[in-house]
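Remarks on the structure that follows.
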Protein chains: 2
Amino acid sequence: MRNAEFDRVKVLRSAMTLFMEKGYSKTSMPDLKKATGLHPGSIYCAFENKRGILLAAIEQYRVDRNEEFSAFFSTNEPILDQFKKYLDNIVDECASCDTSKGCLFIKALYESTEEDQEIKMVIAENISQWHQAIADKFKQAQKAKELPENRKSEHLAHFLVMGIYGLRTFSQSHPDKNILEALADQLFNSIRY
Amino acid sequence: MRNAEFDRVKVLRSAMTLFMEKGYSKTSMPDLKKATGLHPGSIYCAFENKRGILLAAIEQYRVDRNEEFSAFFSTNEPILDQFKKYLDNIVDECASCDTSKGCLFIKALYESTEEDQEIKMVIAENISQWHQAIADKFKQAQKAKELPENRKSEHLAHFLVMGIYGLRTFSQSHPDKNILEALADQLFNSIRY
DNA sequence: TTCTTTCTTGAATGTACGTTCAAGATATAA
DNA sequence: TTATATCTTGAACGTACATTCAAGAAAGAA
């Protein structure tokens, strides 16, 4: 007879930002209260506990990144040009030094412990979906003769995923735009030829 | 008039292992006490505080990885063969699913916050040294005509560092030896040619 | 042996956190 | 308007942690 007052998506985006900036452990309930405007009781009612917020935030992150991916690949350009712009955007994120623009999957993966296999599994599944979406695009590019067909699209996708993770991780210590662009170029070229 | 009873290096290796397995935040003083056999007082006397243990562990990690690096590159083989074995060893670490065999630099980088710029700086400096050591080896390989000279050794080294970070991060969710080997092969090839 | 310096011990302290829950507020239905 | 169901509030609770420190132990010097 009464609906919740808060916007679930907005709350999750706030939590996402905090988890990326400070990490899960160092994000306290007071932090979440301050960022979301929600009181502990409401948070616990909506997400059960702190871990529930993380899981919901990861799911929201997946949805958001998914939409972003689709946007990059829904133009009329050649697929390789779409990939180039997709990579450029990642390089921009890496070079921005904006900690909230990192990858929540990586951040949560590195923070998850042995006891928390579920989080690892959820993220692994999300990454697999992302990998598959990339592989599908490479397959399309091969059919359109934009790419040679001597290498499997799944392999190319794995290499791109690895490269993106490398870029993101490298930028943690060396957020130098010139270097990152050169690395992205070489990565792109070693996929193209 | 009395020497400390504990072996500093052993203590730091224990701490290193804990920090890699559980992360810094989730490693508690009771954990450290159990793993090192040292009581809080002794730990605080030797390292000032928990953060001091992390800094000392990072330094020990640097020393250990440095020795390992030198060992791989002190044979009489061609330098590219040394690189191949170096990479193979990293792939083995990644595929082993042994959380203690990860990279403490990455782990600590991803856990460090904005307020802890010193940790980030220390690690960035350590990574730069590692990068330079790799670049020097590539330079040697170029002089020995093992590598073409059309790309700067510093760039090749950056690409290798990025690739290794990519492999390590990728293996966090997909510790599949076959995939990792294929990725390492492509990485190695895109440096060679 | 005795003295003195240094290291070791582990209980105690203060703090900060995740979580709970009962009282209060508010929106819808009757 | 009144009743009722649901959401919101925030104080309170228990726990676990990093850190301290004074007492005890032990090694070397005299």
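So that the names make sense, note that chain A is the first sequence line, chain B the second, and so on, each numbered from 1. Just so it is clear, the model here is predicted, and its values are computed rather than measured.
- Going from atom CZ of Phe6(A) over to atom P of dT8(D) covers 6 Å, rounded to whole Å.
- Arg168(A) and Glu93(A) are joined by a salt bridge, as a carboxylate oxygen and a charged side-chain nitrogen come within less than 4.0 angstrom of each other.
- Judged as a side chain to side chain donor-acceptor pair (under 3.5 Å), and not counting sequence neighbours, the contacts of Glu59(A) are Arg62(A).
- Heavy-atom distances under 4.0 Å link DNA chain C to no residue of residues 8-21 of chain A.
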Give every donor-acceptor pair under 3.5 Å between a side-chain atom in residues 16-24 of chain A and any protein atom, sequence neighbours left out.
unit_1: Thr17(A); atom_1: OG1; unit_2: Arg13(A); atom_2: O; d: 3.0
unit_1: Lys22(A); atom_1: NZ; unit_2: Asp31(A); atom_2: OD2; d: 2.9
unit_1: Tyr24(A); atom_1: OH; unit_2: Arg51(A); atom_2: N; d: 3.1

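- In this structure, Phe188(B) has its ring center no closer than 6.0 Å to that of Phe83(B).
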Contact string for nucleotides 10-17 of chain D, one letter per nucleotide 5' to 3', B = base within protein heavy-atom range under 4.0 Å, S = sugar-phosphate only, - = neither, reads B------S

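- Looking only at side-chain heavy atoms (C-beta outward), Arg151(A) and Gln186(B) come within less than 4.5 Å of each other.
- Nucleotide dA18(D) holds its P atom 16 Å from the CD atom of Glu48(B), rounded to whole Å.
- Between Phe170(B) and Tyr165(A), the angle of the ring planes lies from 30° to 60°, which puts this pair in the tilted group.
- Contact record, Thr169(B) with Tyr110(A): OG1-OH, 2.9 Å, taken as the closest heavy-atom pair.
- A heavy-atom distance below 4.0 Å to DNA chain C is reached by none of the residues of residues 109-122 of chain B.
- Following rounding to the nearest Å, Leu38(A) (CG) and dG18(C) (P) show an atom-to-atom distance of 15 Å.
- The pair Lys101(B)-Glu68(B) fails the salt-bridge criterion, with no side-chain N (NZ, NE, NH1 or NH2) lying under 4.0 Å from an Asp/Glu carboxylate O.
- To the nearest angstrom, C1' of dT20(D) lies 9 Å from OH of Tyr44(B).
- When all heavy atoms of Ser173(B) and Ile127(A) are compared, the closest pair comes out as OG-CD1, 3.6 Å.
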Compile the donor-acceptor pairs under 3.5 Å between side chains in residues 71-81 of chain A and protein atoms, sequence neighbours left out, one pair per line.
unit_1: Ser74(A); atom_1: OG; unit_2: Ser70(A); atom_2: O; d: 3.2
unit_1: Ser74(A); atom_1: OG; unit_2: Ala71(A); atom_2: O; d: 3.2
unit_1: Thr75(A); atom_1: OG1; unit_2: Glu77(A); atom_2: N; d: 3.4
unit_1: Thr75(A); atom_1: OG1; unit_2: Glu77(A); atom_2: OE1; d: 2.8
unit_1: Thr75(A); atom_1: OG1; unit_2: Gln82(A); atom_2: NE2; d: 2.9
unit_1: Glu77(A); atom_1: OE2; unit_2: Lys85(A); atom_2: NZ; d: 2.4

